[in-house]
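Each remark here refers to the structure printed beneath this line.
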2 protein chains.
Amino acid sequence: MSAQAHASGEDSPTNGTGSALSGESWNDITPDAARRLVVAAVEAFAERGYHATTTRDIAGRAGMSPAALYIHYKTKEELLYQISKVGHLRSLALLSEARDAAAPAADRLATAVRRFVRWHAEYHTTGRVVQYELGALAADHYAEIVALRRRSEDAIRSIIEEGVAAGDFDVPDVSGTTLAVLSLCIDVARWFNPRGRRTPDEVGELYADLVLRMVGAPRQPARP
Amino acid sequence: MSAQAHASGEDSPTNGTGSALSGESWNDITPDAARRLVVAAVEAFAERGYHATTTRDIAGRAGMSPAALYIHYKTKEELLYQISKVGHLRSLALLSEARDAAAPAADRLATAVRRFVRWHAEYHTTGRVVQYELGALAADHYAEIVALRRRSEDAIRSIIEEGVAAGDFDVPDVSGTTLAVLSLCIDVARWFNPRGRRTPDEVGELYADLVLRMVGAPRQPARP
DNA sequence: TCAGTATCTAAGCGCTTGCTCACCCGACGG
DNA sequence: CCGTCGGGTGAGCAAGCGCTTAGATACTGA
C-alpha cells in the first residue's frame, strides 16, 4: 500500500478556519466544571448509550454531586445536544474544507476521507455519541442536527460529482456512492478500538485508498 | 407492517442448509404469544433502543399485559438475546453459504455482499437491533454473540484471501479490507429507509459492485 | 365431572430515575 | 466587616422502571 510516511505537514491545504489545530474541541467551554461535565458525558454516553447513562453517573465522573449538573445544563438532553452539535460542526468543517481545496477531485476526496476517518478513530467516543445517539435528541434539536448532516453529505457528493464531470471518476450511481462513502467512514466510530492493531492514521490511509477504488479513480497518484 | 412476501427464489446458488427460504425468521417461535413478543420487541428496540424501551411498551405492542411477558421470557435481556442470536445465526449462515459455493471468489464475494446487504435493508429493524444493541447483552450472552461475529468475519476474510491467492483480487491489506467490507454492509441497517428511493435489491446490487471495486476485481462479470 | 395445566391479568413492591429545593461556602468590591 | 453572588451540596420528590404475586379463565385428558 501507499507509504504512510507523510510528515506532519501532510495536509491542511486550507486552514482558513483555524480549526485544524484543535484536538478534542471541548477546550473553549467555560467554566471548567461545565467542560468536565461534557467530557464525562461523552465518555458515559459512548460506553453505555444515552438512555443507559444516569445523571448521577455523569456528575460522578466529573467529580461533583448530581445536583451540580443542573447549574450548567438544564437537562441531560441538553448535554447530548451540545456534544452532538459541536461534533457535527466539526465534521462539516472538515469535509467542507476538503471540498473547497484547490486540487483535483481525487486528491480532495482522499483528503476528506482521510481526515474524516481519522477524526472518527481518534475521537471514537465522541464519534459514537455524535453518530449513534441522534435518536435521543428532542425534536427541534434533532431537526437542526439533521440539517447539518445533510450539508456534510452534500460536501462529499459535490466532490464526487466534480470528479465525474472532470472524467476522473467512474461512478454509475453518484448519490448511492455518496451514501456508501459516508456510511463507511461513519461506521469507523463503532468498531475502532484504540488498543487494536491500527492507528487512526493507518485507518485513514486505508480508507482513502478504498474510497478511491470505489469511485474508480486511477490508482493513487504519487504524493509529494 | 413488514410485508414478508419476498419472492424467495431469486438467487440461492447453494441451498444446502435449507435456510434460504425463511424471510423474517420468527415464524418457528411458539407459542404465538412468544412470537408476537419478539416481533414487538424488535420494533421497539429498533425504534428507541434497548434501554429506552420498557417492558410495558413491548407487552402493549404485543397486545397483552406487562406481566404476560414474563411467562415467555425470564427477563427483558433474554428477549434481546433471542433476537440477537437468531439474527447473528442468520447472518453467519448467509455468509458461510456464499463462501462455500463452487464459484470464483469474485462471484462469491458479490453474492455474499448482495445477500448480506439485502437482508440488512429488508429487515433493517432486526438488523438495527442485532448490530447496534449488542452492548446491552449480559456478559455471557455477549461473549457468545461475539464468537458468532468472529466467524462471520472469517467467512468474508476467507473469500478475499482466496481471491488474492487466485490472482483475482488486488488487496494490499486483507484484514483491513475485510473489516471495511463488513462495516459497510452492516451500516446499511442504520441508514436504510424503506420509504427511501432504493429497494433492498438495488442497494445490494450497488454494494456488490462497490465491494468488487474495493478488492480490485476486474469489472463485474455479466450475471445470468 | 373435575383436577391439572397453560395462559393471562390487576395490583403493586422495591428501587432508580431525572430533576428540584433549601441551604452552604469562599472570593471580592465597597 | 459585610452583602452578594457564582458555584456547590444533601436530601428528597414524583414518576417510572423491571419484575412478582395472587388469582381468574379457558382448555385438556381421565
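Numbers restart at 1 for each chain; the letters A, B, ... are given by sequence-line order, proteins then strands.
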Q.
Angle between ring planes, A:Y81 versus A:H141, binned at 30° and 60°: parallel, tilted or perpendicular?
A. parallel
Q) Only one of A:L184, A:T178, A:T177, A:L179 forms a side-chain contact (heavy atoms from CB on, under 4.5 Å) with A:V181, so which one is it? A) A:T177
Q) Judged by atom type as modelled, is there a donor-acceptor pair below 3.5 Å linking the side chain of A:R36 to the main-chain atoms of A:A62? A) yes
Q. Roughly, in whole Å, what's the span from OH in B:Y70 to P in D:dT20?
A. 7 Å
Q | Nearest-Å distance for atom pair NZ/C1', residues B:K74 and D:dT21 | A | 19 Å
(Q) If I take atom CD1 in residue B:I58 and atom P in nucleotide D:dC19, what distance separates them, rounded to the nearest angstrom? (A) 10 Å
**Q.** Side chain A:H88, main chain A:S84, donor-acceptor under 3.5 Å
**A.** yes
Q: Go along nucleotides 3-14 of chain C 5' to 3' and tag each nucleotide: B for a protein heavy atom under 4.0 Å from its base, S when only backbone or sugar atoms are that close, - otherwise.
A: ----SBBB-B--
Q) Can we say B:D57 and B:R61 salt-bridge, meaning some charged N sits less than 4.0 Å from an Asp/Glu carboxylate O? A) yes
